[in-house]
Participant: 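Sharing a structure below in C-alpha cells format, with a few things to ask.
Only heavy atoms go into these numbers, but all of them, side chains included; no hydrogens, no water, no symmetry mates. As the structure is a computational prediction, the values presented were derived from the model and not from experiment.
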Amino acid sequence: DAFAPISKFKIIFPLFLILSFLVVLWLSIINIRKNLVPISVLKEGVKRIAQRDFSKKVSIASKDEFQELAFAFNQMSFSIEHKLKTLNAKAEIDHAVLSALNREDIIKTAVSHIHGLITCNVCGISFINSNDVSQGSVLYSFEKEPGSILSKTFQIPSLEYGKIKQ
C-alpha cells in the first residue's frame, strides 16, 4: 500500500512531462512565428529599397519593438529617397552645365530639378552682372510652368553690394 502512489506517479509523471514539453513547444512555435513575420516584412522592404523602389511603406502593427523598427525603417527609406533624388538632380544640373554653353538651357535644367526636390511655388536663380556690379537679374519660374523661365532685372544699392562682396 505504501508504494501505490509511487506506481501511479510513475505513470502520470511521464505523461505530464510529455504534455508540458508539447505545450512549451507549441508556445515557442507561436512566439517564433510572431517574430518571423515582421522580420520577413522588413526583409522585403530592404529588397525594395535595394531596387530603388520607395513606393511602399513597411507596415507592421504589432505594438512592440517591431512596429517602432518599421516606423524608423520608413523614415530612413524616405531620407534615402530624398537624398537619391537630390544627388540625381545635382548630377543632371552638373551635366547641363558641362555640356551646354547656353545659359538658358542650364537655368531651365537647374530650375526644373529644384522644383522636383522642394515644394515651392516659385523657384529662381539670382545673378549679379560682372560688368556692372550695381545690376542683377533673377531668372525664375512658377511651379505650374517649370519650363517657362521669366526674367527680372534689379538694381543693387552700393551698401548692399559691399555685403555681397564680403
Participant: With a 6.0 Å cut-off (strictly less than), is the heavy-atom count around CZ of Phe21, excluding the residue itself, greater than 12?
Facilitator: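 No, the 6.0 Å shell around CZ holds no more than 12 heavy atoms from other groups.
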Participant: In Å, rounded to the nearest 0.5 Å, how long is the span from CD1 of Ile32 to CG of Leu25?
Facilitator: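 Ile32 atom CD1 to Leu25 atom CG measures 8.5 Å (nearest 0.5 Å).
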Participant: Quick one: do Ile80 and Phe71 end up in the same hydrophobic cluster if we chain Ile, Leu, Val, Met, Phe, Trp and Tyr together by side-chain heavy atoms under 4.5 Å apart?
Facilitator: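 No: no chain of side-chain contacts under 4.5 Å links Ile80 to Phe71.
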Participant: Please check if the side chain of Thr86 supplies one atom and the backbone of His82 the other of a donor-acceptor pair under 3.5 Å.
Facilitator: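 Checking the backbone N and O of His82 against the side chain of Thr86, a donor-acceptor pair under 3.5 Å is found.
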Participant: Filter on salt bridge (charged side-chain N to carboxylate O under 4.0 Å, His left out), then keep only pairs touching residues 22-46, sequence neighbours left out; what's left?
Facilitator: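 Output for this query lists Glu44-Lys47.
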Participant: Mind checking whether Val37 and Phe66 have side chains closer than 4.5 Å, heavy atoms only?
Facilitator: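 In short, these two side chains do not touch, never coming nearer than 4.5 Å.
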Participant: Which residue pairs satisfy the salt bridge (charged side-chain N to carboxylate O under 4.0 Å, His left out) criterion with at least one member in residues 70-89, sequence neighbours excluded?
Facilitator: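 Checked against salt bridge (charged side-chain N to carboxylate O under 4.0 Å, His left out) - neighbours excluded - the pairs reaching residues 70-89 are Glu81-Lys85.
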Participant: Return the minimal non-hydrogen interatomic distance between Ile114 and Cys123, and the atom names on each side.
Facilitator: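 Where Ile114 meets Cys123 most closely, the heavy atoms are CG2-SG, 3.2 Å.
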Participant: To the nearest 0.5 Å, how far apart are CD1 in Ile49 and CG in Leu84?
Facilitator: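 So the gap between those two atoms works out to 10.0 Å.
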Participant: How far does CZ of Phe154 sit from OG of Ser137, to the nearest 0.5 angstrom?
Facilitator: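 Phe154 CZ to Ser137 OG: 6.5 Å, rounded to 0.5 Å.
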Participant: So if I apply the side-chain contact (heavy atoms from CB on, under 4.5 Å) rule between Phe54 and each of Lys56, Lys57, Arg52, which one comes out positive?
Facilitator: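 Only one option passes, and that is Arg52.
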Participant: Just verifying a value: how many Å separate Glu68 CD and Ser62 OG, rounded to the nearest 0.5 Å?
Facilitator: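 Those atoms lie 9.0 Å apart.
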Participant: How far does CG of Leu69 sit from CE of Met76, to the nearest 0.5 angstrom?
Facilitator: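 Atom-to-atom, Leu69:CG and Met76:CE are 9.0 Å apart.
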Participant: Tell me whether Gln67 at atom CD has more than 12 heavy atoms from other residues, nucleotides or ligands lying less than 6.0 Å away.
Facilitator: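 Counting other residues, nucleotides and ligands, CD of Gln67 exceeds 12 neighbours.
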Participant: If every non-hydrogen atom of Ala70 is compared with every non-hydrogen atom of Val58, which pair is closest and at what distance?
Facilitator: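 Looking at all heavy atoms of both residues, the closest pair is CB-CG1, 4.0 Å.
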Participant: Shortest non-hydrogen contact from Val138 to Ser126?
Facilitator: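 Where Val138 meets Ser126 most closely, the heavy atoms are CG2-OG, 3.6 Å.
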Participant: Judged by atom type as modelled, is there a donor-acceptor pair below 3.5 Å linking the side chain of Asn31 to the main-chain atoms of Leu27?
Facilitator: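 No; judged by distance alone, with no hydrogens or angles, the pair does not exist.
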Participant: Applying ring-ring contact (aromatic ring centres under 6.0 Å, His included), name anything that partners Phe16, two or more places apart in sequence or on another chain.
Facilitator: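 Here no residue qualifies.
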Participant: Show the nearest heavy-atom pair for residues Ala110 and Ile125, with the distance to one decimal.
Facilitator: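 What the structure gives for the nearest pair is CB-CD1, 3.9 Å.
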Participant: Contact between Leu19 and Leu15 at the side-chain level, heavy atoms closer than 4.5 Å - yes or no?
Facilitator: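 No, side chains not in contact.
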Participant: Let me confirm one number: the CD1-CD1 distance from Ile6 to Ile11, rounded to the nearest 0.5 Å.
Facilitator: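 Output value for this atom pair is 12.5 Å.
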Participant: Within the distance-only criterion (no hydrogens, no angle test), does the side chain of Ser79 pair as donor or acceptor with the backbone N or O of Gln75 below 3.5 angstrom?
Facilitator: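 Checking the backbone N and O of Gln75 against the side chain of Ser79, no donor-acceptor pair under 3.5 Å is found.
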